[in-house]
Amino acid sequence: MTFFLIICTLILGLPFALTLDSEASPGRIAGEAFLLGSGAVAVILMAMSQIGVAWTRPSVIAASLVLFAAGCIPLVRRRESFERTRFIGAEETTAGRVLSVVLLIVLLLTVAGHAIYATRAPIPEWDFWAIWGLKGRVFAANQGIDWVYLEDPLHAFVHPEYPLLVPLNYALHTIVRGDWEDRQIGLLTTAFGVATLLIVRDVLRRELPSTAWTAAATLAVAAIALSPWIGMAEAPLIAFGAGGLLLVRRGLVAGQAQLVTAGAVFLGLAAMTKNEGSTLLLAATIALGVSLGWKDRRTLVRLWPAYALALPWWILSRLHNLSSDLTAGLTLSRLMHGASRAGEVLRDVALHTPNRPLFWGAIVIAFLIAGGKVLRRERFILVACGLQICAYITAYLITPHDVDWQVATSWVRL
């Protein structure tokens, strides 16, 4: 049933992917369609809850069909949208083709292994049980977003201020299935990882010299995209964030402004996934301004879909007084105290190095080899990621919790 619902989610997002991304290959379209379908699910359920329509199987299916039909309208009006530009890469040697096939097989086995790992048993992650899965289960039982539950001070442990894209997708699976299921739902984490890899592979093959290099780089990215934190929001955030940044960057490099708009949609969905997605959206906005010199306002305005998607939750969370523990009671004295422990934070960050050392080592080596010209071309990505890291460090500085605990439980995932 979960696999069937993943396919349905992909189909729901397909017309939007075809409309947004004019240059994508079928693989990238499939990845984008699943991500956009997941976002569409969140928009549908949130809208139904706000207008007082109970989440039932017939009502959700009907609303999904309406949105799917609306998404098809631009394709009917612009039939050329189906005529995709075929990308022709460089000629391959026999050895290169063989190597790329071998690496592809390894990647497929990696994906299969991750799917088995994700569904081998009920999801054991504490954050799934206490935050993402719990809210999805409560909302499904309530047939709508349970604001009373979120506003209850006794439920502060569920982080009620977190955006709801992931819980709403879990709620959809519960509604369609008819009961709560906490094992096969882990397959969603694999699906988000696969969507990331499909997008990354298509972007890489347009810029790397051979399919062997593309396959090797995609396999390296799998170390991050296929998240080990099953049931949590890391995999969706990686998918939306990477998709958004890469599409905006591709639009800048290729001079295709419409890809900036497409990337903005994914950045908006990242903001609907986690608070870190909101900081990523702000970081990407600043990075785009820096890359363009703040002169090309027409390109900057193309980020409007991101803010349009993020704004409803920002408003609703404030209306219902759902504040983050990081900002609750934030005073000048607490800010000063945070600044005074900057050394402690940096020490803890250095001690708790991110996992996948080979992956990050390869990234550092690539930067060293790339040279200044390539680094200047990648200014948008570097500035956005640098600002995002600064946002993480700032969160550690102002946290009301023990710094050692906060860094130890989150820095590896970040």
Side-chain angles (χ1 to χ4, degrees), residues 1-18 21 24-45 55 57 60-61 63-65 67-68 71 107-123 125 128 132-133 136-137 139-140 164-202 222 225-240 242-243 265-266 269-270 272-273:
M1 175 62 77
T2 299
F3 182 77
F4 170 74
L5 288 173
I6 289 173
I7 298 299
C8 291
T9 302
L10 188 154
I11 294 173
L12 176 61
L14 186 58
F16 302 101
L18 290 170
D21 198 344
S25 66
R28 184 161 124 193
I29 285 292
E32 292 175 352
F34 171 73
L35 297 182
L36 292 170
S38 300
V41 166
V43 170
I44 289 169
L45 294 186
W55 299 348
R57 191 180 302 167
V60 170
I61 292 175
S64 300
L65 290 174
L67 187 60
F68 177 81
L107 178 61
L108 292 175
L109 291 174
T110 303
V111 170
H114 187 274
I116 294 172
Y117 170 75
T119 57
R120 77 193 191 287
I123 299 174
E125 298 289 349
F128 172 78
W132 312 105
R137 188 171 186 175
F139 295 166
L164 299 180
L165 185 145
V166 173
L168 292 178
N169 274 266
Y170 291 161
L172 172 74
H173 282 243
T174 303
I175 293 165
V176 175
R177 283 180 55 91
D179 61 348
W180 172 256
E181 203 284 327
D182 54 5
R183 180 177 176 180
Q184 295 301 319
I185 205 171
L187 197 59
L188 275 173
T189 302
T190 304
F192 279 107
V194 171
T196 305
L197 294 176
L198 289 172
I199 295 172
V200 167
R201 180 182 180 277
D202 185 71
L226 297 172
S227 173
W229 291 285
I230 309 302
M232 296 164 61
E234 272 64 28
L237 181 64
I238 290 169
F240 292 125
V265 173
F266 290 99
L269 294 176
M272 292 176 62
T273 302

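Scope of the values below: all heavy atoms of this structure, side chains included, with no hydrogens, waters or symmetry mates.
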Checklist entry - Between CH2 of W132 and CG of L164, what distance do you get to the nearest 0.5 Å? => result 8.5 Å
Checklist entry - Any donor and acceptor pair, going by atom type alone, linking the side chain of W55 with main-chain N or O of L45 inside 3.5 Å? => result yes
Checklist outcome for this item: Between F34 and A195 the two heavy atoms that sit nearest each other are CD2-CB, 4.1 Å
Checklist entry - R137 side chain to A171 main-chain N or O, any donor-acceptor pair under 3.5 Å? => result no
Checklist entry - Which residues pass the side-chain contact (heavy atoms from CB on, under 4.5 Å) test with A40, sequence neighbours left out? => result L12, L67
Next on the checklist: Return the CZ to CG distance between F192 and L237, rounded to the nearest 0.5 Å.
Outcome noted: 10.5 Å
Item to check | F240 side chain reached by L165 side chain, heavy atoms, under 4.5 Å | outcome: yes
Checklist entry - Say you draw a straight line from CD1 of I61 to CD1 of I44; how long is it, rounded to the nearest 0.5 Å? => result 11.0 Å
Checklist entry - Can you check whether F128 reaches T189 side chain to side chain, under 4.5 Å on heavy atoms? => result no
Item to check | Non-hydrogen side-chain atoms of T2 and I6 separated by less than 4.5 Å | outcome: yes
Item to check | Distance-minimising heavy-atom pair for T119 and G186 | outcome: CG2-C, 4.4 Å
Item to check | Side-chain heavy atoms of H114 within contact of I230, under 4.5 Å | outcome: yes
Checklist entry - If we only count heavy atoms from C-beta on, is the I199 to L35 side-chain gap below 4.5 Å? => result yes
Checklist entry - Where do A233 and V166 come nearest, in terms of heavy atoms and distance? => result CB-CG2, 4.0 Å
Next on the checklist: Which heavy atom of I123 sits nearest to which heavy atom of G231, and what is that distance?
Outcome noted: CD1-CA, 4.0 Å
Checklist entry - Which value, rounded to the nearest 0.5 Å, describes the distance between I238 atom CD1 and L226 atom CG? => result 9.0 Å
Item to check | A242 to T196 - nearest heavy-atom pair and separation | outcome: CB-CG2, 4.3 Å
Checklist entry - Taking atom SG of C8 and atom CG of L172, what is their separation to the nearest 0.5 Å? => result 9.0 Å
Item to check | By side chain to side chain donor-acceptor pair (under 3.5 Å) - contacts of R28 (at least two apart) | outcome: D21, E23, E32, D202
Item to check | Side-chain heavy-atom pair R201, L107 within 4.5 angstrom cut-off | outcome: no
Item to check | Side chains of L36 and L269 in contact at under 4.5 Å (non-hydrogen atoms) | outcome: yes
Item to check | Close side-chain approach of L188 and Y170, heavy atoms under 4.5 Å | outcome: yes
Checklist entry - Taking all atoms of both residues into account, what is the closest heavy-atom pair of S227 and E234, and its distance? => result OG-CB, 3.9 Å
Item to check | Approximate separation, where rounding is to 0.5 Å, of T9 OG1 and L14 CG | outcome: 12.5 Å
